[in-house]
Amino acid sequence: MNLPTTFNGHLWQQHRRSEQPIEISILLTQMGFAAKVLAQEISRAALVGNLGLVGEKNATGDAQKKLDVFSNQIMIDAFSNIGLVAAIASEELDQVKLIECGQQAQYILCTDPLDGSSNTDTGSAVGTIFGIYRRQTTGYCSTEADALQPGTELVAAGYVLYGTSTMLVYSTGSRVDGFTLDPSLGEFLLSHENIRCPETGKTYSANLSYYQEWHPHIQNFADYLGDRKSHAAHTLRYSGALVADVHRCLLEGGLYFYPPTEDQPDGKLRLLYECAPLAFLVEQAGGRATSGQARIMELEVTSIHQRSPLVIGSQSAVDLYQTFLEQGKAP
Ligand code: FDP
């Protein structure tokens with residue numbers, strides 16, 4: 001039997017091979033630990049009264065679930081005491097949380113601790129998204145400005161998918177690797193090495209209930225994908241959790257899109273801790289991510305809870321979306 005590669009073993013190898021700073025490996029190890037805690041708590045939430053709403057709204061106006069609050073606290077606890085993180089931006093926090101001052105704390109964590117939280121009470125997939133930046137300001141303590149960096153400045157990003165299994169997928173900018181949690185060992189083991197996003201795919205993910213609010217060119221695009229007689233036909237798969245839908249695109253190709261709507265002219269998703277980290281990963285795997293107007297990675301971040309339209313997945317599928325957006329029809 002070949003001994004599997006653990007997440008921590010893999011991080012150590014990457015550190016030695018690519019001279020990736022050891023601090024990045026430590027931060028990712030800590031992310032792996034937080035993911036294990038969250039996986040356990042999410043799976044037994046119904047048994048310990050941790051489902052349902054808290055009764056409050058979060059920083060971006062969404063109803064807060066008990067698991068949202070719990071997940072946010074786990075992330076803060078996991079990164080507060082290791083001395084490397086200067087600040088955390090989270091979907092569940094109004095403002096950037098300053099963690100640590102001084103020379104050692106050179107990293108900024110941006111996270112959606114529980115993506116797809118409307119899925120929690122029905123046992124459906126949810127996720128955690130994270131992006132890690134280097135601190136840019138030079139004062140003793142960090143400021144909010146450190147979190148307002150474009151995706152091009154990410155030094156590491158990834159997600160955890162809590163689905164039929166728990167998977168951690170990450171990149172530090174040269175490749176994308178995926179690890180599956182073996183619950184009996186309590187370890188993430190390398191299961192998806194050097195993931196490449198297929199050039200095309202068979203599925204698309206979008207909330208079609210907003211169809212009437214989309215730009216007519218995007219309506220044409222959805223009609224084109226949904227035309228079962230066409231060779232371009234795609235099948236609809238929408239889980240309600242961005243992480244789960246992007247994970248499918250990463251492994252099997254296709255695309256996810258969340259365009260602007262009447263109510264949300266900038267789309268719904270958050271640039272800093274949802275769109276940018278996922279764009280970083282998908283691009284590293286050979287796919288593409290755009291807002292329709294610009295590459296997600298290059299968008300200027302002016303506030304931590306800024307929204308952006310998102311189109312992400314296989315290169316050719318995202319290209320096709322762009323063609324429809326500009327011309328209203330297939331090339
Ligand atoms: P949720 O609000 O449940 O956290 O990031 C937000 C997100 O879920 C994505 O995970 C998901 O793809 C999308 O919003 C679902 O929004 P709609 O219900 O508007 O489709």
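It should be emphasised that the depicted structure is a prediction, and the values quoted were computed from it without experimental measurement. Each ligand, and each atom within it, is numbered from 1 in the order the structure gives.
- Shown here for Asp115 and Glu274, the closest heavy-atom pair between the two residues is OD1-OE2, 3.6 Å.
- In terms of protein heavy-atom proximity, atom 10 (O) of ligand 1 is nearest to Asp115 OD1, 2.7 Å.
- If you check which protein heavy atom lies closest to atom 4 (O) of ligand 1, you get Gly116 N, 3.0 Å.
- Each of the following atoms of ligand 1 lies closer than 4.0 Å to a heavy atom of Tyr238: 12 (O), 13 (C), 15 (C), 16 (O), 17 (P), 20 (O).
- Protein heavy atom in closest approach to atom 3 (O) of ligand 1: Ser118 OG, 2.6 Å.
- Nearest protein neighbour of atom 19 (O) of ligand 1, counting heavy atoms only, is Tyr258 OH, 2.6 Å.
- Residues Tyr133 and Tyr107 keep their aromatic ring centres 6.0 Å or farther apart.
- Among all protein heavy atoms, the one lying closest to atom 17 (P) of ligand 1 is Asn207 ND2, 3.6 Å.
- Annotation: the span from Phe70 atom CZ to Glu92 atom CD amounts to 13.5 Å, rounded to 0.5 Å.
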Q.
Checking Met75 against Thr111 for the side chain to side chain contact (heavy atoms under 4.5 Å, CB included) test, could you report, in this order, the C-alpha distance in whole Å, the side-chain angles of both residues, the deciding distance, and whether it holds?
A. CA-CA 8 Å; Met75 292 297 266; Thr111 182; 3.3 Å; yes

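- Protein heavy atom at the shortest distance from atom 12 (O) of ligand 1 is Tyr256 OH, 2.8 Å.
- For ligand 1, the atoms sitting less than 4.0 Å from at least one non-hydrogen atom of Leu242 are 9 (C), 10 (O), 11 (C), 12 (O), numbered in the order shown with element in parentheses.
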Q | Working for side chain to side chain contact (heavy atoms under 4.5 Å, CB included), residues Lys36 and Glu187 | A | CA-CA 8 Å; Lys36 287 184 216 172; Glu187 290 277 3; 4.3 Å; yes

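- Heavy-atom proximity to Leu269, at under 4.0 Å, picks out these atoms of ligand 1: 5 (O), 6 (C).
- Cation-pi geometry between Arg237 and Tyr204 is not satisfied (NZ or CZ under 6.0 Å from the ring centre, within 45° of the ring normal).
- The closest donor-acceptor contact from the side chain of Lys66 to the backbone of Gly49 lies under 3.5 Å.
- The aromatic ring centres of Phe257 and Trp214 sit less than 6.0 Å apart.
- Numbered from 1 in the order shown, with element, the atoms of ligand 1 that lie under 4.0 Å from a heavy atom of Glu274 read 5 (O), 6 (C).
- In the vicinity of Ala241, heavy-atom distances shorter than 4.0 Å reach the ligand 1 atoms 10 (O), 12 (O).
- Closest heavy-atom approach to atom 11 (C) of ligand 1 within the set Gly127, Gly240, Ser124: this belongs to Gly240.
- Across every non-hydrogen atom of Asp146 and Gln136, the tightest pair is OD1-N, 2.8 Å.
- With atom 13 (C) of ligand 1 as the reference point, the heavy atom nearest to it among Lys65, Lys268, Gln264 is part of Lys268.
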